[in-house]
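Lettering of chains follows the sequences in order, A, B, ..., and the numbering in each one begins at 1.
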Amino acid sequence: MASDISGASLSSEDLKLQFAPFSSALEAGFWHQLTQKKLNDYRLDESPKCIKGYYYNGDPVGLPTRLTLEFSAFDVDGPTPARCCPALGMLYNTNTLDAFKAVDKKALLEKEAKEIWEAIQSGAALKNPSVLCRFILLTFADLKKYHFYYWFCFPALCFPEGLKIIQPPVILEEVFSPKQISALQEAYDGLCIKRGITAVPFFLMKYADDAVQMALLEDWEAFFTDTKKITVGVYDPCTLSQHPGWPLRNLLVLLAKQWGSKLDLVEVLCFRDQTLQGNRSIQHSVLFQVKLPELPNNSVCLKSVGWEKNPKGAMGPRMVNLSECMDPKRLAESSVDLNLKLMRWRLVPSLDLDKVVNTKCLLLGAGTLGCNVARTLMGWGVRHITFVDNAKISYSNPVRQPLYEFEDCLGGGKSKATAAVDRLTKIFPGVSAEGYNMSIPMPGHPVNFSQATLSQAQKDVVQLEKLISEHDVVFLLMDTRESRWLPTVIAASKRKLVVNAALGFDTFVVMRHGLKKPHVSQSVYAATDSSTSCSSASSSSSTPAGAALSVPGSSLFSNIPGHKLGCYFCNDVVAPGDSTRDRTLDQQCTVSRPGLAMIAGALAVELMVSILQHSEGGYAVASSSDDRMNEPPTSLGLVPHQIRGFLSRFDNVLPASLAFDKCTACSPVVLDHYEREGFSFLSKVFNSSHSFLEDLTGLTLLHQETQAAEIWDMSDDESI
Amino acid sequence: MSCSVLDEEQFRLSCQLLLQRSDQLGDGWSWEAVQGSEEGYLRKTALRSVPSDWGPLHDQKGFSSHPQPQTLCDSTGHEKEEQDPAASTGSDFLRAEEEDAGSYTVTNSSSLVLQYEYHILFSCSYGAPVLYFRAFTLEGRSLALEEMWSTIHPNYRLCLQNCPLNAISQQEHPLLGQPFFFFHPCRTEEFMGPVLQAAPDQGRPVNYVLSWLSVVGPVVGLDVPLQYCTALHSTKPD
Ligand SMILES: [Zn+2]
């Protein structure tokens with residue numbers, strides 16, 4: 001075969017007719033429908049299915065010759081779009097990619113070609129010429145990934161020696177008078193009306209100076225009396241001026257087989273019918289003449305071609321990845337992202353969303369605060385959320401803790417940490433959430449009852465250390481003050497950003513812990529951290545929370561850089577102990593106003609986002625209430641140290657305070673002991689009364705003025 | 001209150017007139033009613049060939065034409081495409097196909113053909129029509145925003161991106177809930193004001209939707225034939 005082709009000399013090749021192949025055009029709806037069919041009807045059935053596409057002869061110049069399949073392709077008896085020609089095809093949908101690859105493409109093509117050839121030989125194609133324009137579609141739908149593999153074939157029979165052009169293609173209006181052109185248009189419209197369709201794929205034609213007659217292929221014998229030179233028309237989807245489209249190819253084989261011996265010359269009208277801006281024109285149709293070679297009188301099927309090339313121009317299938325628009329999880333993800341991007345496009349062009357989205361958040365506590373923080377993080381598109389909590393969901397929880405439902409309380413209650421993860425995944429499958437049902441050892445809560453309790457505590461510490469290392473931001477959202485101590489120490493040592501939220505009855509504090517400078521050498525940070533403030537400032541700055549509250553945003557403490565900011569414990573003059581036992585009656589009121597957790601939880605996340613938007617992150621200078629009038633340091637505004645809220649007054653203040661060198665959690669002496677002695681130091685803290693930490697840090701000496709620290713740790717979560 | 005604000009009834013009427021003329025011109029607009037509600041939108045599909053020298057479009061690795069390249073969407077797990085399954089099918093018969101002398105291969109990779117879908121909706125909050133649209137490749141894959149920008153003529157692109165709202169962005173279709181591109185209507189009143197003020201002087205009524213569409217449509221490849229104007233304004237619904 002190859003030698004036949006190369007045998008044609010260059011000069012004669014110029015005069016050989018070449019057809020523009022179809023390009024497959026698939027609408028998204030086709031893939032949606034195929035997915036439905038595969039899931040509901042075909043399932044594992046691989047047998048070929050009849051489908052329908054269409055082509056159009058009214059495209060503007062420059063568009064490829066297309067065979068289009070839309071969602072209606074599976075409804076073979078359904079309507080074809082007006083003025084388009086239908087094309088029937090066979091769908092071979094395989095169950096696996098391997099089966100897709102293994103399909104014998106040559107055999108598939110030859111089978112289809114043989115059917116066309118038989119219809120041509122028998123003359124059946126005259127009555128039903130649509131058989132001349134068929135296609136094969138081989139598909140594999142990977143519905144896990146929404147990847148669709150496909151390969152089209154438009155079977156065409158080939159003349160062994162090609163087709164010789166006698167008169168090269170010319171535009172109709174160069175040959176036909178305007179009168180003839182309008183007569184042609186009328187004749188074609190008449191044929192359509194007679195057949196009750198809006199497009200006729202093939203037709204016969206006779207014309208004179210002012211008249212044009214048309215007939216269907218099946219009327220050949222009656223229509224043509226003289227067969228020296230005949231004219232056939234083809235509804236031509238091609239827009240090239242020198243080439244006909246694919247449908248003509250098999251028609252010419254039909255003519256050659258049926259009348260080849262009688263015909264000297266065939267004139268072909270490539271009928272193109274465009275309506276542009278309300279003006280219909282057919283004068284750009286193309287006319288040319290070919291000599292039909294005589295086909296051998298045997299019935300051996302001609303060689304066939306037709307598999308479509310892929311976009312690289314090579315023989316091969318195509319693959320389209322539709323996960324973006326078909327996978328519901330991807331749709332949810334992109335919608336969430338879209339919402340956030342809108343914020344950037346419309347309001348905050350310099351917003352760095354990636355920084356937020358990619359932040360790994362560790363939520364210690366999955367109660368009222370934890371639930372609200374998680375939901376707000378989801379709103380920001382944060383994908384990585386880990387919960388730590390050892391509580392079970394109780395009947396009072398669901399109304400205040402938006403990740404739980406009544407059902408979760410039954411049978412003793414589900415573990416909060418795991419139930420929260422389940423709910424997050426239900427709300428947004430794109431989230432990567434984990435839950436740890438574990439307790440956090442606390443100062444003044446001995447762990448040395450037995451070897452078992454001791455080693456459990458050690459395990460818990462190791463786990464917590466590991467979790468803190470693996471995350472970028474640690475949220476302290478527990479309901480007791482002392483449970484915040486261990487994570488404060490570990491996070492300070494690991495230089496992790498800590499955002500802390502705690503509730504009173506109608507007051508709250510949301511704060512970021514000071515972020516110590518990176519470990520360069522021990523001496524450097526010891527020098528910067530400990531001394532600066534204590535001598536002069538400590539008397540006011542490191543006084544109890546109550547005092548700090550009364551002097552909101554004092555200018556004395558403006559411009560404190562992030563590494564000098566205090567932690568949650570810096571303002572306390574008592575070390576954390578068993579707060580539920582030590583509380584006065586008044587302090588044991590454990591309920592906060594219901595809106596408070598939502599406000600504080602939301603502020604905790606928004607504070608984190610603002611910190612992340614600052615070029616220095618956790619080292620950013622603390623904004624204070626005074627800075628409200630100044631140029632904000634980030635696109636989102638201020639980056640305060642603390643937000644203290646007073647619901648009774650509907651007021652927030654933004655105090656900033658220095659790290660306290662005698663702090664029971666973040667002072668150099670505590671961190672130093674923790675880093676050198678590890679668990680043996682921690683277990684001493686757990687097992688001792690609060691005087692141990694107070695002695696260690698020197699707080700005991702400061703205890704002349706004993707002012708009870710305001711307790712910020714109450715929550716509705718505890719039982720009374 | 002400015003006269004350049006459109007109410008929903010005027011919108012419907014404008015659409016009705018536009019549809020009538022579209023039918024006459026064969027321009028392909030149709031009215032799509034939303035099931036179980038009075039709401040609906042004008043819809044048209046069109047094929048468009050976009051020159052590839054307007055910007056990178058089919059660069060599968062990354063779409064760099066957007067002024068602020070971002071990876072939010074791209075970072076969420078584009079899987080590496082599987083190996084081309086054609087590798088195992090390259091047999092002799094395929095070579096024979098490639099040598100088919102009767103086939104004319106268009107080696108025209110200088111443009112990309114896209115299927116467009118345009119919707120015109122009414123926005124109550126802006127009192128203006130809004131153009132929603134999306135574009136698909138011939139494989140059926142919808143374009144990402146970054147790709148869509150590269151289908152906008154460079155002259156328009158710069159101007160639109162410098163607009164404070166980045167005039168074209170992505171949003172969920174209010175009636176279909178699917179992601180569409182849309183033309184932000186914030187500026188509509190700005191350019192429609194003069195059009196509507198000039199109209200009475202010229203002694204003819206203005207079809208708001210048509211005038212608006214002839215401004216925003218061409219930006220995204222939606223041409224509005226001049227023939228609409230010649231007859232439409234005087235046409236009354238029968
Ligand atoms: Zn501290």
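Summarising the geometry, atom CG belonging to A/L276 is positioned 9.5 Å from atom CG belonging to B/D223; distances are rounded to the nearest 0.5 Å. Once rounded to the nearest 0.5 Å, the distance linking CG of B/L138 with OG1 of A/T68 reads 8.0 Å. The CZ atom of B/R48 sits 11.5 Å away from the CG atom of A/L63 when rounded to the nearest 0.5 Å.
Within a 6.0 Å radius of CZ in A/F428, other residues, nucleotides and ligands contribute more than 12 heavy atoms. In A/K355, the NZ atom is crowded: over 12 heavy atoms of neighbouring residues, nucleotides or ligands sit closer than 6.0 Å.
For A/T65, no part sits under 4.5 Å from any heavy atom of chain B, backbone or side chain. Proximity to chain B (any heavy atom under 4.5 Å) is shown, for A/L69, by neither the backbone nor the side chain. With a threshold of 4.5 angstrom between heavy atoms, A/R280 does not approach chain B through any atom at all. Both the backbone and the side chain of B/Q170 come within less than 4.5 Å of a heavy atom of chain A. Only the side chain of A/R66 comes within contact range of chain B, with heavy atoms under 4.5 Å apart. Residue contact with chain B, scored on non-hydrogen atoms closer than 4.5 Å, involves the side chain of A/Y150 exclusively. Of the two parts of A/N279, only the side chain, counted from C-beta on, holds a non-hydrogen atom closer than 4.5 Å to a non-hydrogen atom of chain B. Both the backbone and the side chain of B/Q171 come within contact range of chain A, with heavy atoms under 4.5 Å apart.
Interface check for chain B: of the options A/G306, A/G430, A/A20, the most heavy-atom pairs under 4.5 Å are formed by A/G306. By number of non-hydrogen pairs under 4.5 angstrom with chain A, the leading residue of B/T45, B/L47, B/D27 is B/L47. The greatest number of non-hydrogen atom pairs below 4.5 Å with chain B, out of A/C158, A/C325, A/P64, is found for A/P64. The candidate from B/S142, B/G140, B/P179, B/S49 with the greatest count of non-hydrogen atom pairs under 4.5 Å with chain A is B/G140.
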Steps toward salt bridge (charged side-chain N to carboxylate O under 4.0 Å, His left out) verdict (B/D100, A/K303): CA-CA 10 Å; B/D100 172 25; A/K303 178 198 150 193; 5.1 Å; no

Evaluate side-chain contact (heavy atoms from CB on, under 4.5 Å) for A/W246 paired with B/S103, printing each intermediate quantity in order. CA-CA 8 Å; A/W246 210 245; B/S103 152; 3.9 Å; yes

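Looking at B/E139 and A/L26, their side chains never come closer than 4.5 Å, going by heavy atoms from C-beta outward.
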